[in-house]
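Values in this document were obtained by computation on a predicted structure and should not be read as measured data. By convention here, the first residue in the shown sequence is residue 1.
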Amino acid sequence: MSAAAGESLWRDRRFLRFWAAHSASQFGDRVSELALPLIAVSALHATAQQVAWLTALAWAPNLFGIVLGAWVDRRVRTRRLMVLADLVRAGLLLTLPAAYVLGGVTLGQLAAVALLSGAAGVLFNTAYPPFFAGLVPRSSYVDANSKLSASRSASHVAGPAVGGALVQAVTAPVAVVVDALTFLVSAVLVGPIRVDERAAGCGDQDTSLLRRAREGLAFIVRHPVLRASLGCATTVNFFTFLTGTGLLVLYADRELGLSAGAIGLAFGLGSTGALLGAVLAPTVSRRIGLGRSVALGAVLFPAPLAVAAAAGGAPWARAGTLALAEFLSGIGVMLFDVNLNSLQTAVVPDGLRSRVAGVYGTVNYGARPLGALAGGLLASTFGLRATLITAAAGGALSLLWLLPSPIPRIHSLTAGHPLVPEDPLVPEDPQRA
């Protein structure tokens, strides 16, 4: 049973099944995010540089998202690709506890798992947009993204604590089994879901991948909504990655003088902001409009870094200020992500969804490691507080991409508002022309 347009997603069994799959894999990911670095550091005595390379390898496949998206758009059944990606990631992760039992875990194996799992993740992410568009009615995009983002936010609140307890109880390599099992659960739940994928794989199957990738890029550049949203998202991600979690933890330790427990508590309390933001996103969108919600999130996401830079006073005040900054930023990122993801789904034609997702992954995610490198240079030259202020100011300037675009004037994705399918702002799919 699926919900028709305007009906509650709580009555849509297909969506609820997918939501359960998504929630399971998100909580499993939080375990691996803690366990994999601990395997490298504690079991393999990796250096800081080696740990950094593991992180870079996990992100590296996103640079090829533009080509992978062009390939996925040729496929007729993207759901099968999502299931395959889940199974591949589960199998890769299970090699780690197996090797641990046999006494043979190596940095080379850990690097291979990080790289190949990252590639499988990119495959899943490029196959996901057409699946989502076939699963959820247009009028429910914001509601659906709110629910999915709420699960992700909840995993960031509870996941690290569960992961830490598992690592302590059964060691890091064995804890990875939990993440592998969540991918298997996801594959089992997603596999039977049937969605309308008739538009997938359309177009000339003989067209080269590079040409199809260029078509996806050209479509974004020409489209006023997608061009502005990609510029905004890339800018805000570059500047927020100037600090990232690593430099923010370093700032809390060295500049604020907080203990590890106080830092963990501050981040844990702050993470509840993302959960609240995900839940509130549909309401805020209805009250002030979808486009204005995106614009608000684009500022509220990075700006609180300036609040963190101003932290001072007693230890409790310093920790409280850091928690407040994380809380406000979490609300901002969810207002931004939930509404912008819904808008992008609404304006991209079926035959281009994976290509557009691939371009976004290459450009937007490609900016993140560049931001991290720039942040390290800034922190070394001008100090951590100056880097936080630069990140806050530069990230807030991402709003300049949105102001001249149609985005702030878009109120809703329902019929009777701009950007419904017949709207002239939505260019024709080049594969259908």
Scan residues 91-130 for pairs that pass ring pair (Phe, Tyr, Trp, His ring centres under 6.0 Å), counting only residues two or more places apart or in two chains.
Phe18-Tyr128, Tyr128-Phe132

Listed once per pair and sorted, the salt bridge (Lys or Arg N to Asp or Glu O under 4.0 Å) pairs that draw on residues 369-391, sequence neighbours left out
Glu255-Arg385

Determine which pairs satisfy side-chain hydrogen bond (donor to acceptor under 3.5 Å, both in side chains) with at least one residue from residues 322-337, sequence neighbours left out, and list them in order.
none

Quick one: list whatever passes side chain to side chain donor-acceptor pair (under 3.5 Å) with Ser23, sequence neighbours left out.
Ser151

Hey, could you give me the OG/CG distance between Ser293 and Leu343, rounded to the nearest 0.5 Å?
11.0 Å

Between the main-chain N or O of Gln26 and the side-chain N or O of Arg152, is there a donor-acceptor pair closer than 3.5 Å?
no

Let me confirm one number: the CD1-CZ distance from Ile66 to Arg355, rounded to the nearest 0.5 Å.
11.0 Å

Is there side-chain contact between Leu116 and Val88, with at least one heavy-atom pair below 4.5 Å?
no

Judged by atom type as modelled, is there a donor-acceptor pair below 3.5 Å linking the side chain of Thr381 to the main-chain atoms of Leu377?
yes

Among all residues two or more places apart in sequence or in another chain, which pass the side chain to side chain contact (heavy atoms under 4.5 Å, CB included) test with Ser342?
Tyr141, Val142, Asn145, Leu413

Between Thr126 (side chain only) and Ser354 (backbone N and O only), is there a donor and an acceptor less than 3.5 Å apart?
no

Rounded to the nearest 0.5 Å, what separation is found between the CE atom of Met82 and the CG atom of Leu123?
10.0 Å

Side chain to side chain contact (heavy atoms under 4.5 Å, CB included) filter on Arg318, not counting sequence neighbours, yields Leu256, Leu258, Pro315

Sequence neighbours left out, what passes side chain to side chain contact (heavy atoms under 4.5 Å, CB included) with Trp401? Give chain and number order.
Cys232, Thr235

For residues Leu242 and Phe238, determine if any side-chain heavy atom of one lies less than 4.5 Å from a side-chain heavy atom of the other.
yes

Would you please name every residue forming a salt bridge (Lys or Arg N to Asp or Glu O under 4.0 Å) with Asp179, sequence neighbours left out?
none

Atom of Ala90, atom of Phe183 and distance for their closest heavy-atom approach:
CB-CB, 3.9 Å

Check: Arg194 side chain, Pro192 main-chain N or O, donor-acceptor pair, under 3.5 Å
yes

Side chain Thr240, main chain Asn237, donor-acceptor under 3.5 Å:
yes

Should Arg13 and Arg17 count as side-chain neighbours, where that means a heavy-atom distance under 4.5 Å?
no

Mind checking the OG1-CG spacing from Thr234 to Asn364? Nearest 0.5 Å is all I need.
4.5 Å

With Ala20, which residues qualify under side chain to side chain contact (heavy atoms under 4.5 Å, CB included), at least two apart?
Leu189

Please assess Leu248 against Leu388 for the test side-chain contact (heavy atoms from CB on, under 4.5 Å), listing each intermediate value before the final yes or no.
CA-CA 8 Å; Leu248 204 54; Leu388 288 172; 3.6 Å; yes

State, yes or no, whether a side-chain contact exists between Phe64 and Val122 at a heavy-atom distance under 4.5 Å.
no

Side chains of Asp143 and Phe15 in contact at under 4.5 Å (non-hydrogen atoms):
no

As an exercise, state the distance from OH of Tyr251 to OG1 of Thr243, rounded to the nearest 0.5 Å.
11.0 Å

May I have all residue pairs that pass ring pair (Phe, Tyr, Trp, His ring centres under 6.0 Å) and include part of residues 337-392, sequence neighbours excluded?
Trp59-Tyr365

Distance, nearest 0.5 Å, that separates OG1 of Thr362 from CG of Leu68:
9.0 Å

Of all pairs that satisfy side-chain hydrogen bond (donor to acceptor under 3.5 Å, both in side chains), the ones with a partner from residues 102-124, not counting sequence neighbours:
Thr95-Gln109

Would you be so kind as to tabulate the donor-acceptor pairs closer than 3.5 Å made by side chains of residues 261-281, with sequence neighbours excluded?
| residue | atom | partner | partner atom | Å |
| --- | --- | --- | --- | --- |
| Ser271 | OG | Phe267 | O | 2.8 |
| Thr272 | OG1 | Leu269 | O | 2.5 |

Considering all heavy atoms of both residues, which atom of Ala298 and which atom of Ser398 are nearest to each other, and what is their separation?
O-OG, 3.7 Å

Any donor-acceptor pair under 3.5 Å from Arg79 side chain to Ile193 backbone
yes

Begin from the C-alpha positions of Gln344 and Val356 and carry the test side-chain contact (heavy atoms from CB on, under 4.5 Å) through to its verdict.
CA-CA 9 Å; Gln344 289 168 352; Val356 168; over 6 Å; no

